[in-house]
Asker: 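After the C-alpha cells below, expect a handful of questions from me.
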Amino acid sequence: MSDGSVIFARDGTIVRITLDRPAKLNALTPAMLAQLSDAAGRIDADDDIRAVVLSATGHRAFCVGADIDAWADASPLDMWRHWVRDGHAVFDRMARLRPPLIAAIEGLALGGGLELAATADLRIAGADAAFGLPEADVGVPPGWSGTQRLVRMIGPAPVKLMALAGERLDAGSAERSGLVHRVVPVGTATDAALGMAQRIAARAPIAVQLAKQLIDAAVGENRAATLEALAAGVAGGTQDGREGVASFREKRPPDFSNR
C-alpha cells in the first residue's frame, strides 16, 4: 500500500498543498498526516505567506477520509492514544493557520476528508462534489471533529443527516447549508481557489489575518490563544511594555506611565 504524499508548493506569497494519492481517492495515511502537520509548521513559520490553497490530485475525490487499513487493526488504546488524537492535532494546526486557508473540493469529501475540508476558512466545490460522514458503516463515529467543528460551522441538522442516516450532501445542498461558499463547474475548483487566494493576498495581510482569528474566536476556535496573543501584542507595544523590558534588562525599578 502506498503511503501517499502531500505536495507543498509555493508561488510568491501563496502556498498550495495537494493531497496526492489518487489511486486510493486520497485517503489519508499516517505519513500524509505527518506531512500535513509539517506543511502547517512551514506556513506558520513564514510571515510572508498570505494565503493557502488545499486541493487534491484527480477529480474523483478530494479525500475519502482515513485509510481503513491504517487504523482497522489498531487496539482501543492506540485509537485513543494516537490515531484520533494525532488527527485532531493535525487538523487543529490546519484550522489555526495564520493566513487564510481555501479548500478546493472536486468529487468526494467523506469522513476525515470532509473534516479536513472543514478546517478551511473558505471552501470552493466543483458541481459534482459530494459530502458525507459514513463512519458508522464501519462501526465508528466521526473522529476528527466531525461532531464538533462541523457542527459549529453548519449546525447539527445537516451533520446528523450525514452521520446518523448516512446521507450525502450534494454541492448545491452543501452551499445552501453554508458548508460550501461557492460552487463552480466541474474541474475548475482549484483554479477558482487560486484566484480567490490571489485576491486575498492582494489585501492588507495583517488585517486579513487578524480578521480570520477574530471570526474564528467568535465560534470558539482557538479563542483563548487569540485573546491572549492580541492582549500581549497591545501591551508589548505600549510605552509601559517597553519600559518593563528595559527596567528588567537594566536591573532597576520600572517607571510606568500608563502610556
Side-chain angles (χ1 to χ4, degrees), residues 6 8 10-17 33-54 84-103 115-123 144-155 178-179 181 193 196-251 253-259:
V6 174
F8 185 101
R10 180 172 176 178
D11 182 8
T13 61
I14 296 172
V15 163
R16 182 173 172 185
I17 299 172
L33 287 178
Q35 291 172 59
L36 279 171
S37 183
D38 178 69
R42 292 173 65 181
I43 291 165
D44 270 337
D46 190 333
D47 293 340
D48 293 329
I49 294 173
R50 297 190 179 188
V52 182
V53 172
L54 173 65
V84 173
R85 289 166 59 89
D86 290 351
H88 263 270
V90 174
F91 284 19
D92 285 349
R93 292 194 77 177
M94 296 295 293
R96 297 169 186 178
L97 287 174
R98 181 176 36 75
L101 173 64
I102 308 161
E115 291 164 319
L116 177 58
T119 68
D121 300 289
L122 299 164
R123 283 163 296 281
W144 286 341
S145 209
T147 64
Q148 304 299 311
R149 180 176 290 118
L150 201 56
V151 172
R152 293 197 301 269
M153 181 182 300
I154 61 174
L179 176 60
H181 296 85
M196 185 173 288
Q198 290 165 358
R199 291 193 293 277
I200 290 171
R203 309 189 79 205
I206 294 175
V208 167
Q209 292 163 25
L210 286 172
K212 165 189 159 83
Q213 292 185 359
L214 289 168
I215 294 166
D216 286 349
V219 294
E221 184 73 63
N222 212 27
R223 180 180 295 161
T226 294
L227 290 174
E228 291 183 350
L230 290 173
V234 171
T238 64
Q239 183 174 317
D240 278 354
R242 293 189 292 272
E243 167 63 13
V245 173
S247 64
F248 176 82
R249 289 174 172 169
E250 296 166 10
K251 297 182 173 55
D255 181 18
F256 293 128
S257 61
N258 197 29
R259 295 289 188 274

Asker: Quick one: does any side-chain atom of S37 pair with a main-chain N or O of L33 as donor and acceptor, under 3.5 Å?
Answerer: no

Asker: Does any part of the side chain of M196, heavy atoms only, come nearer than 4.5 Å to the side chain of L122, both counted from C-beta?
Answerer: yes

Asker: Using side chain to side chain contact (heavy atoms under 4.5 Å, CB included), reason through L116 and W144 one step at a time and then give a plain yes or no.
Answerer: CA-CA 8 Å; L116 177 58; W144 286 341; over 6 Å; no

Asker: Rounded to the nearest 0.5 Å, what's the gap from CG on L36 to CG on L54? Could you check?
Answerer: 7.0 Å

Asker: Could you measure the distance from the CG atom of L150 to the CZ atom of R152? Nearest 0.5 Å is fine.
Answerer: 10.0 Å

Asker: Please round to the nearest 0.5 Å and tell me the distance separating atom CZ of R223 and atom OG1 of T226.
Answerer: 9.5 Å

Asker: Within this structure, what is the CD-CD distance for the pair E115 and Q148, rounded to the nearest 0.5 Å?
Answerer: 10.5 Å

Asker: Tell me, please, which residues at least two apart from R93 pass salt bridge (charged side-chain N to carboxylate O under 4.0 Å, His left out).
Answerer: none

Asker: Taking R16 for its side chain and V53 for its backbone only, find out whether a donor-acceptor pair lies under 3.5 Å.
Answerer: no

Asker: Show every donor-acceptor pair shorter than 3.5 Å between a side-chain atom in residues 230-238 and any protein atom, with sequence neighbours excluded, or say none if there are none.
Answerer:
residue : atom : partner : partner atom : Å
T238    : OG1  : A235    : O            : 2.7
T238    : OG1  : G241    : N            : 3.0

Asker: Quick one: side-chain contact (heavy atoms from CB on, under 4.5 Å) partners of R259, sequence neighbours excluded?
Answerer: Q239, S257

Asker: Are L179 and M153 close enough, and set up right, to give a side chain to side chain contact (heavy atoms under 4.5 Å, CB included), and what steps lead you there?
Answerer: CA-CA 7 Å; L179 176 60; M153 181 182 300; 4.1 Å; yes

Asker: Under the side chain to side chain contact (heavy atoms under 4.5 Å, CB included) criterion, do V6 and I17 qualify, and how do the steps go?
Answerer: CA-CA 7 Å; V6 174; I17 299 172; 3.4 Å; yes

Asker: Looking only at atom types and distance, does a side-chain atom of H181 sit under 3.5 Å from a main-chain N or O of R123, one as donor and one as acceptor?
Answerer: yes

Asker: A quick test of your reading: do over 12 heavy atoms of other residues, nucleotides or ligands sit less than 6.0 Å from CG of D11?
Answerer: no

Asker: With R42 as the cation and F8 as the aromatic partner, state whether NZ or CZ is under 6.0 Å from the six-membered ring centre and within 45° of the axis.
Answerer: yes

Asker: Could you pull out all residues at least two apart from D121 that satisfy side-chain hydrogen bond (donor to acceptor under 3.5 Å, both in side chains)?
Answerer: K212

Asker: Assess the residue pair I49 and R10 against the criterion (side chain to side chain contact (heavy atoms under 4.5 Å, CB included)); give the C-alpha distance rounded to whole Å, side-chain angles, the decisive distance to 0.1 Å, and a yes or no.
Answerer: CA-CA 9 Å; I49 294 173; R10 180 172 176 178; 4.0 Å; yes

Asker: Using salt bridge (charged side-chain N to carboxylate O under 4.0 Å, His left out) as the criterion, list what pairs up with R98, not counting sequence neighbours.
Answerer: D47

Asker: Measuring from R50:CZ to I14:CD1, what's the distance to the nearest 0.5 Å?
Answerer: 10.0 Å

Asker: If you take all heavy atoms of S247 and P254, which pair is closest and at what distance?
Answerer: OG-CB, 3.4 Å

Asker: What distance do T13 atom OG1 and I200 atom CD1 have between them, rounded to the nearest 0.5 Å?
Answerer: 10.5 Å

Asker: Give the intermediate values and the outcome of salt bridge (charged side-chain N to carboxylate O under 4.0 Å, His left out) for residues E221 and R149.
Answerer: CA-CA 8 Å; E221 184 73 63; R149 180 176 290 118; 2.9 Å; yes

Asker: For residues 224-247, which residue pairs pass the salt bridge (charged side-chain N to carboxylate O under 4.0 Å, His left out) check, not counting sequence neighbours?
Answerer: E243-R252

Asker: Might you point out which heavy atoms bring P99 and V52 nearest each other, and give the distance in Å?
Answerer: CG-CG2, 4.1 Å

Asker: Measure across P100 and V208 and return the closest heavy-atom pair with its distance rounded to 0.1 Å.
Answerer: CG-CG1, 3.5 Å

